[in-house]
Number of protein chains: 2
Amino acid sequence: MSVKNARLQEVARAAGVSYITAWRALNDPDLVSEKTRAKVSRAVEDTGYLPNAVARSLVSASSGVIGAIVPTLEDSIFADTIQGVADVLHSAGQELLVGLSSYDSRREAELIRAFMGRQIDGLILTGRNHEADVQRLLKSGRAAVVEVWDYGEPAIDMLVGFSNTEMARAVTAFLCTKGYRHIAFVTVSGRRRGRERLAGYRKELAARNLSIDPALEITCAPTLSGGGDALDHLMALDRPPDAIFFNGDTIAIGAHLRGRAKGLTYPADVALVGVHDLEIARHVDPPLTSVRIPRYRIGEQAAKLLLARGQGKSDAPEKQNLGFEIVERGTT
Amino acid sequence: MSVKNARLQEVARAAGVSYITAWRALNDPDLVSEKTRAKVSRAVEDTGYLPNAVARSLVSASSGVIGAIVPTLEDSIFADTIQGVADVLHSAGQELLVGLSSYDSRREAELIRAFMGRQIDGLILTGRNHEADVQRLLKSGRAAVVEVWDYGEPAIDMLVGFSNTEMARAVTAFLCTKGYRHIAFVTVSGRRRGRERLAGYRKELAARNLSIDPALEITCAPTLSGGGDALDHLMALDRPPDAIFFNGDTIAIGAHLRGRAKGLTYPADVALVGVHDLEIARHVDPPLTSVRIPRYRIGEQAAKLLLARGQGKSDAPEKQNLGFEIVERGTT
DNA sequence: TTGAAAGCGCTACCAT
DNA sequence: ATGGTAGCGCTTTCAA
């Protein structure tokens, strides 16, 4: 059963040509006569030869592999980004090594080291917060690095995303403009991005001289139920919010459905905003106001930057702020 | 900026020991004196040495990498399986190469060849339908293979999943038992799994002497809107169905929301069943009857089989039927 | 406990 | 148009 792969040497023997000729027939066919080429490709068929990309990587010091590290694939958010990366890499014949950090920067660091040891050509990292130990490695230039999802300073090298702080400010400003004054902010526990957005929310309230009420800043589980629970909690306060900014559509939709079941009306009883603009946001009743984030494009662009860098097209650090868009619907 | 990685030779020099001693200090530390070990690990620090896993793979003929090919990450279905795979592999220090086939078996074949050329230790494939050209390669034993998601015959080697045909039969039988007699089946266009399930649905209807009405077998887009459109279409028929079996919760939920907006009542006007038991199924009103599929566990088990095979723990083909469970809720 | 050297399969540079 | 060979960085076998 377990058969060792034929090497190019075997192919050459089977074709009755020298090793180097067989090599050229495959890698530089113009330098080889028609007849020889035919013999070699028959021999390839017969032997079931498949080039050993590991040996190639060793000598060429470039692996044709890109690494991408995201926190999780369990919500579709980062999965969409990975899909974008994979689609671009496929067209360039590059492979994709995926690492899941579970929002743990130590685990991320392990993955970075493991990937670097495999001579990856490029690395895509989620966020700009990485363990101190790996900073030197990341900046060593052994692999091109793109940080994604969080546009800001400082960056290791290339950067593709949008500003979380700006986004949270913009949403808060939007709600204020609509007349809401007592705005809650709900985030998923233990995630850094939530903290950055919280800062934006606070900044905007401060800029408008609105008070920051700690009772309105809460966390919940990253599920529909979690969002529902957050809504229950907030609406039971002595002074419930008139608007709730959910840091994610999943929890926003969870709240929406829970509230509807309890007889709440949006936005009369309370206004709701989510983030990500998942398809479901358009399909609940009333549809959910949300923020469109270019999840797939972030991945696409990151991969394109890596490919361009690989071809030496650019050596200057590239930074792309892809922005976001508030999509106003019935819940506000 | 771009600095070449230190080789073990440099480390040895910096530590003032021979190459092989440095090697042993890192890979077989018991064979080396305490003092030497300390010197070497200091030298590793100083040089920023990171072992070259590519060179290791070349000589050891084993890469420490597993490949997994799924159709897409765009619905969370396969993303959950990948997450399961990654979680298991992480604990074993193996890396994960991900390939997305877009439901295209030629693209899958390309990915298989590319992955095999990289000397992967194991390969996880979605489904049992693979291009003829790669069958030989898959059976060559160069990498351990697990097919996932579709339990049945024949299999290349190992197998983890559940029977699509049985699942569709069981759902159809469940609906018949509840008294429904005019059951529609909605599947997403162009996906093989849908066809297998269609066969199960037909088989069960035939077994009960219920007529198979081609007008009730339709396809739709893989979105909430697609499901809504399917509902509209079916309910506008001269003789609309009394129950609809949606091959996926996304389209089922889309139909559910569309129907509610039009004033339909479930199950009085029509019964709905989905597949996958996404969290949202429990949160719509009335909650959606669905089929629980062990998506994450499929990935976990597949990875575990691969690891066990790698350690030579088993060489017999392993097949695991993880089953499914109909979760009855308010829409039936 | 330490050392020397062959070789994994390929690419690239030297030839003829 | 075809051929020989050094060497990528590591693991492993044989020796001391």
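Below, chain A is the first sequence line, B the second, and so on; all start at residue 1.
The pair A:R7-A:E10 meets the salt-bridge criterion, with a side-chain N (NZ, NE, NH1 or NH2) lying under 4.0 Å from an Asp/Glu carboxylate O. Ion pair B:K39/B:D46 not flagged as a salt bridge, since none of the NZ, NE, NH1 or NH2 atoms sits closer than 4.0 Å to an Asp/Glu carboxylate oxygen.
For D:dT2, one of the phosphate oxygens OP1 or OP2 lies less than 4.0 angstrom from a side-chain nitrogen or oxygen of A:S33. Phosphate proximity of D:dG3 to A:T21: present, with a side-chain N or O under 4.0 Å from OP1 or OP2. Contact between the side-chain N/O atoms of A:T36 and the OP1/OP2 oxygens of D:dT2 is found at a separation under 4.0 Å. Taking 4.0 angstrom as the limit, B:S18 places a side-chain polar atom (N or O) nearer than this to OP1 or OP2 of C:dG3.
Screening B:K139, B:R128, B:R309, B:K319 for a salt bridge (charged side-chain N to carboxylate O under 4.0 Å, His left out) involving B:D157 leaves a single residue, B:R309. The side chain to side chain contact (heavy atoms under 4.5 Å, CB included) with A:V146 is formed by just one residue from the set A:I298, A:L125, A:V160; it is A:V160.
As rounded to whole Å, 14 Å separates atom C1' of D:dC10 from atom CD of B:E10. As rounded to whole Å, 14 Å separates atom C1' of D:dT13 from atom CG of B:L31. Distance B:L58 CG to D:dT12 P: 12 Å, rounded to the nearest Å. Atoms CZ (A:R37) and P (D:dT2) sit 10 Å apart, rounded to a whole Å. A straight line from CG of A:D28 to C1' of D:dA1 spans 12 Å, rounded to a whole angstrom.
Taking the side chain as every heavy atom from C-beta outward, A:E108 and A:E131 never approach each other to under 4.5 Å.
Within the 4.0 angstrom heavy-atom criterion, only backbone atoms of the sugar-phosphate kind lie near B:V32; the bases stay farther away.
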Its contact letters, B for base, S for sugar-phosphate only and - for none at protein heavy atoms under 4.0 Å, make nucleotides 10-16 of chain C read BBB----
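Here CD1 of B:I69 is found 5.0 Å from CZ of B:F115. Values are rounded to the nearest 0.5 Å.
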